[in-house]
Colleague: 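Supplied in structure tokens, the structure appears directly below.
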Number of protein chains: 2
Amino acid sequence: MTAAMQLTNVLKTLADPTRRAVFERIIREGEIAATGLVQGSKVSQPAVSQHLRALRDAGLVAERREGRHIHYRVAPKGLGPLIDWLGHYETFWAERFANLEKLLKESE
Amino acid sequence: MTAAMQLTNVLKTLADPTRRAVFERIIREGEIAATGLVQGSKVSQPAVSQHLRALRDAGLVAERREGRHIHYRVAPKGLGPLIDWLGHYETFWAERFANLEKLLKESE
DNA sequence: ACAATATATAAGCAATTACTTATACGATTG
DNA sequence: CAATCGTATAAGTAATTGCTTATATATTGT
């Protein structure tokens, strides 16, 4: 899988508002089971499950099974392709990007 | 238009590889006419034109008419919604990275 | 005015997407 | 074991997408 394909996957995955909302909720909660995500969601349990699969396939979340529950959490490297891509065009938006690149370097 | 909607537009627009390639070419060239973009593209002139419209509608490029030619250039603020969104979770990433660092140190 | 060039729009179509309901799987409890 | 809970998958569908060819709309030059 090329870097471009990974970036495409990340962008496509985050482009859907419902799915992005799930992702943002996982970010806020730190770790949360699928049931918790279904509660307070506008869509059905299967829809949430499908979004979770898409997020996992894109490398954006990781899961941890605990009995019947599966707890989802953010995969810190998941946004890597996106941040890397932005970094290539840093000169166009250098001032706003400075902080993000600093964070990326610190995470390595 | 809410910030979330603008972000959705930016992500959707960049998620298509062909359209993103057009955007990246505009970045590299600085300013380039639609004809130049069609040359060296895998898709037809109308396809390029449609991609340019999508990029413009998403606020990612601006245009300047010069006679028959329309020159496209990057709109510097176009990626704002994306940068802002990433920055919004900056604290989270920082904490995550800090935890990761802490874990690495503890495992030594 | 006419022809040529640059770009945009229209119409149609196959592929993809995001959802639904129904069902299956997996783990726990009684 | 059976019942139940948490989650995933299957199947179907309406809407969207990205492309094509054909045509329209500028703009310029002869």
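Numbers restart at 1 for each chain; the letters A, B, ... are given by sequence-line order, proteins then strands. Predicted, not measured: the structure shown is a model, and the values here were computed from it.
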Colleague: Would you sort out whether B:Glu63 and B:Arg65 count as a salt bridge (Lys or Arg N to Asp or Glu O under 4.0 Å), showing the intermediate values?
Modeller: CA-CA 7 Å; B:Glu63 52 188 65; B:Arg65 175 139 227 162; over 6 Å; no

Colleague: Rounded to the nearest Å, what distance is computed from the CZ atom of residue B:Arg20 to the C1' atom of nucleotide D:dG18?
Modeller: 15 Å

Colleague: Nearest-Å distance, CG (A:Leu52) to P (C:dC19)?
Modeller: 12 Å

Colleague: Measure CD/A:Gln50 against P/C:dT16 and give the value in whole Å, please.
Modeller: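 It is 17 Å, rounded to the nearest whole Å.
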
Colleague: Should B:Lys12 be listed as having a side-chain N or O under 4.0 Å from OP1 or OP2 of D:dT16?
Modeller: no

Colleague: Taking only N and O in the side chain of A:Thr18, is any of them less than 4.0 Å away from OP1 or OP2 of C:dA18?
Modeller: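 For C:dA18, neither OP1 nor OP2 has a side-chain N or O of A:Thr18 closer than 4.0 Å.
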
Colleague: Does a nitrogen or oxygen in the side chain of B:Arg53 sit under 4.0 Å from OP1 or OP2 of C:dA8?
Modeller: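 No, no such contact exists.
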
Colleague: Is the backbone of A:Val61 close enough, under 3.5 Å, to the side chain of A:Arg56 for a donor and an acceptor to pair up by distance?
Modeller: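 Answer holds: no.
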
Colleague: Picking from D:dT27, C:dA27, D:dC19, which would you name as closest to the side chain of A:Arg68?
Modeller: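 The nucleotide sitting nearest to the side chain is C:dA27.
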
Colleague: Which whole-number value in Å describes the distance from B:His69 NE2 to D:dT25 C1'?
Modeller: 16 Å

Colleague: Whether A:Ser49 contacts D:dT9 is assessed here as follows: a side-chain N or O lying under 4.0 Å from the phosphate OP1 or OP2. Is that the case?
Modeller: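 For D:dT9, OP1/OP2 do not have a side-chain N/O of A:Ser49 under 4.0 Å.
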
Colleague: Give a yes/no on whether any side-chain N or O of B:Tyr72 is located under 4.0 angstrom from OP1 or OP2 of C:dA6.
Modeller: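 The answer is no; no side-chain N or O of B:Tyr72 sits under 4.0 Å from OP1 or OP2.
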
Colleague: Treating A:Arg20 as the side-chain partner and B:Ala4 as the backbone partner, does any N or O pair qualify as donor plus acceptor under 3.5 Å?
Modeller: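 Yes, the answer is positive, given that a donor and an acceptor are paired below the 3.5 Å cut-off.
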
Colleague: I need the CZ-C1' distance between A:Arg65 and C:dG26, as an integer number of Å.
Modeller: 6 Å

Colleague: Counting only distance, no hydrogens or angles, is the base of C:dA8 paired donor-acceptor with the side chain of B:Gln45 under 3.5 Å?
Modeller: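 Side chain to base: pair present.
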
Colleague: Nearest whole Å is fine: how far is D:dT27 P from B:Arg64 CZ?
Modeller: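 Checked: the CZ to P distance equals 15 Å.
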
Colleague: In whole Å, what is the span from the CG atom of A:Leu11 to the P atom of D:dT17?
Modeller: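 Value for this atom pair: 15 Å.
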
Colleague: What nucleotide among D:dT27, C:dA18, C:dA27 has an atom nearest to a side-chain atom of A:Arg19?
Modeller: C:dA18

Colleague: Remember a base hit wins even if backbone is also touched, and classify B:Ala47 as base, sugar-phosphate or nothing at under 4.0 Å, heavy atoms.
Modeller: base

Colleague: Has the side chain of A:Ser49 got a donor or acceptor atom that lies under 3.5 Å from a matching backbone atom of A:Gln45?
Modeller: no

Colleague: Taking atom P of D:dG18 as reference, at what distance in whole Å does atom NE2 of B:His51 sit?
Modeller: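 B:His51 atom NE2 is separated from D:dG18 atom P by 7 Å.
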
Colleague: Looking at A:Ile27, is its backbone amide N or carbonyl O close enough to the side chain of A:Arg25 to form a donor-acceptor pair, meaning the two atoms are under 3.5 Å apart?
Modeller: no

Colleague: For a quick test of reading the model: is some side-chain N or O of A:Ser44 closer than 4.0 Å to OP1 or OP2 of C:dT20?
Modeller: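 Answer yes for this pair, as a side-chain N or O of A:Ser44 is under 4.0 Å from OP1 or OP2.
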
Colleague: Pick the closest DNA chain D nucleotide for A:Ile70 and for B:Val43 by heavy atoms, then say which residue is nearer the 5' end.
Modeller: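 The 5'-side residue here is A:Ile70.
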
